[in-house]
A.B. asks: 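What follows is a structure written as structure tokens; I'll ask about it next.
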Number of protein chains: 2
Amino acid sequence: MNLNPAAVNAVPKSGTTMSQMQNVERQLRGMILGLEIGPGERLTERWIESRFGASRTPVRAALLRLETEGLIARDGRGWTVAPINLAELGQIAVYREAVEVAAVRLTASLEDRSGIEVIAAMLDSCDAGTPREEWHRVGLDFHIELARLSGNEFLLRGVRDAMTRLSRARWLEVRDTAALGRAWAEHHAILAAVRKGDAEKAARLLSAHIAGSRHRLVTSLHDDRRGLRARGFAVVAA
Amino acid sequence: MNLNPAAVNAVPKSGTTMSQMQNVERQLRGMILGLEIGPGERLTERWIESRFGASRTPVRAALLRLETEGLIARDGRGWTVAPINLAELGQIAVYREAVEVAAVRLTASLEDRSGIEVIAAMLDSCDAGTPREEWHRVGLDFHIELARLSGNEFLLRGVRDAMTRLSRARWLEVRDTAALGRAWAEHHAILAAVRKGDAEKAARLLSAHIAGSRHRLVTSLHDDRRGLRARGFAVVAA
DNA sequence: GATACCATTTTGGGATACCAAATCGGTATG
DNA sequence: CATACCGATTTGGTATCCCAAAATGGTATC
């Protein structure tokens, strides 16, 4: 029996029995993506064990899974929260462009493209009063849901993985309201092209959107890297 | 102490200290890819434990990693060697086309494209007397090494993952000598376009090569699926 | 003969004990 | 004061142990 006070597990979601591994994985992922644990920080299995009240067996399993997601990395013998790596962010952007463009081409060629209306509604749920956190989430989900419509499991997974790896960086990016609005408009333009079944135009718009997004992201982080390091975040230069 | 005779571990490769997890992962992957364990077969942690002479902790770690590679899947509470899934093979082909074409475009646009000569030499190491197993390996490595030249870690990983998932299916595919020769010629044609820096032509040739390859693969397995099932291999129809 | 039911075994999930290597402190030496 | 050395501590890797759920197999019932 684990006698650690923190061992008082959170009540599992009603109806779902969550294994300890899933619990640790989910919570740890949340802390990493939410920057509650900074990029570059060292992790020890024992700390996680006591923090979440699970034994090392599920902790290890969760670490192995998060490693394949790219959120944590091995540091010699130990574990480290993956640092923000500007060169890597650039490569991810190239990768996601390839995958997302392929997906949107498929989607725009579907007979039934009505699925995009759900995505349009999702975009429209954001307005001036929407909290920043929500804009962030919708911005990620737009790309993931668009890829899901393609029906290709592997393209979807590629996009999801890429967005997960980009998530923390986008959260650190300094974005003014104008930038948010521009992204929103570009998203809508892409949807419009898909709606018309114009695969080429959708591909072109998406490609430009991702390239611009990448440029702004890398530039912003590059300019801010001193400040980010001051906050304890490991930022590896491009 | 594990008293099973099989527990006599193989001597680790000279100079390298291989953890039990890596050991189990590598050997199990080899058995799965080599079809020594058939698609669809059930796996129990205890069997693997005694088979490789490791305890359950590294066995479970290895299973978790192989799961993310798509070589094994959860079957309710237990583990199963991933079946051959024709629909999935089709989707993987679409995915790899997107990723490989992006990679070859990058490679063809490089200043220094001399890396392709190593790949050409690799192709040329195969002749009429080369064993089938070697043709198989070179056919996979061609695509992986071509992607590696792009310099993009994520495109490379995408190609490697896709080839891993396709590996068993390609091994089962009935390919006559003519088909092997045709693939060899197509590979060389792609390299020639890359060598000239003609990204568009390389992309077009690669795209056609993958599409044709996919068609032959799925057709062959579809036609043989009775025979494959008779050999105990789970084949899920498209 | 088919089926519902119960005891037994097996299995994966988790907790813990142990170990060797790596790390960290502190001390003695130059 | 810098540094080399050594013992205590920490950490990941592994082996085992326990448990509850699920699978299995035999049996009694209809």
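Reminder, nothing fancy here: chain letters follow the sequence lines and each chain counts from 1.
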A.B. asks: Taking all heavy atoms of B:L155 and all of A:V94, pick out the closest pair and write down the distance.
C.D. replies: CD1-CG1, 4.2 Å

A.B. asks: Could you tell me whether A:R170 and A:E173 make a salt bridge, using a distance below 4.0 angstrom between a side-chain N and a carboxylate O?
C.D. replies: no

A.B. asks: Nearest-Å distance, CE (A:M18) to C1' (C:dG14)?
C.D. replies: 17 Å

A.B. asks: In whole angstrom, give the distance that lies between atom CZ of A:F52 and atom P of C:dG14.
C.D. replies: 15 Å

A.B. asks: Can you say whether a donor on the side chain of A:R74 sits under 3.5 Å from an acceptor on the base of D:dG12, or the other way round?
C.D. replies: no

A.B. asks: Can you list everything that forms a side-chain contact (heavy atoms from CB on, under 4.5 Å) with B:A82? Sequence neighbours excluded, please.
C.D. replies: B:R168

A.B. asks: Tell me whether the count of non-hydrogen atoms from other residues, nucleotides or ligands lying under 6.0 Å of CZ in B:R229 goes above 12.
C.D. replies: yes

A.B. asks: Can you tell me the distance, in whole Å, between the CZ atom of A:R56 and the C1' atom of D:dC17?
C.D. replies: 16 Å

A.B. asks: Record whether the side chain of A:R60 comes under 3.5 Å of the base of C:dG14 through a donor-acceptor pair of N or O atoms.
C.D. replies: no

A.B. asks: Considering just the side-chain nitrogens and oxygens of A:Q20, establish if one lies under 4.0 Å of OP1 or OP2 belonging to C:dA15.
C.D. replies: yes

A.B. asks: Rounded to whole Å, please give me the gap between CZ in A:R65 and C1' in C:dG13.
C.D. replies: 14 Å

A.B. asks: Return the 5'-most residue of the pair A:R77, A:P58 with respect to DNA chain C, ranking by each residue's nearest nucleotide.
C.D. replies: A:P58

A.B. asks: Look at the side chain of A:A54 and decide which nucleotide, out of C:dA15, C:dT16, D:dC17, has an atom nearest to it.
C.D. replies: C:dA15

A.B. asks: In terms of the nearest nucleotide of DNA chain C, which residue is placed more toward the 5' end: B:T57 or B:W79?
C.D. replies: B:W79

A.B. asks: Does anything in residues 39-47 of chain A reach DNA chain D, meaning a heavy atom under 4.0 Å, and if so which residues?
C.D. replies: A:L43, A:T44, A:E45, A:R46

A.B. asks: Name the residue from A:R165, A:R29, A:R157 that meets the salt bridge (charged side-chain N to carboxylate O under 4.0 Å, His left out) definition with A:E69.
C.D. replies: A:R29

A.B. asks: Applying ring-ring contact (aromatic ring centres under 6.0 Å, His included), can you list everything that pairs with B:H222, at least two apart in sequence or on another chain?
C.D. replies: none

A.B. asks: Do you see a donor-acceptor pair shorter than 3.5 Å between the side chains of A:N152 and A:S150?
C.D. replies: no

A.B. asks: Round to a whole Å and report the spacing from CD of B:E49 to C1' of C:dT11.
C.D. replies: 11 Å

A.B. asks: May I ask which nucleotide in the shown strands pairs with D:dA23, Watson-Crick or G-U wobble, both distances under 3.5 Å?
C.D. replies: C:dT8

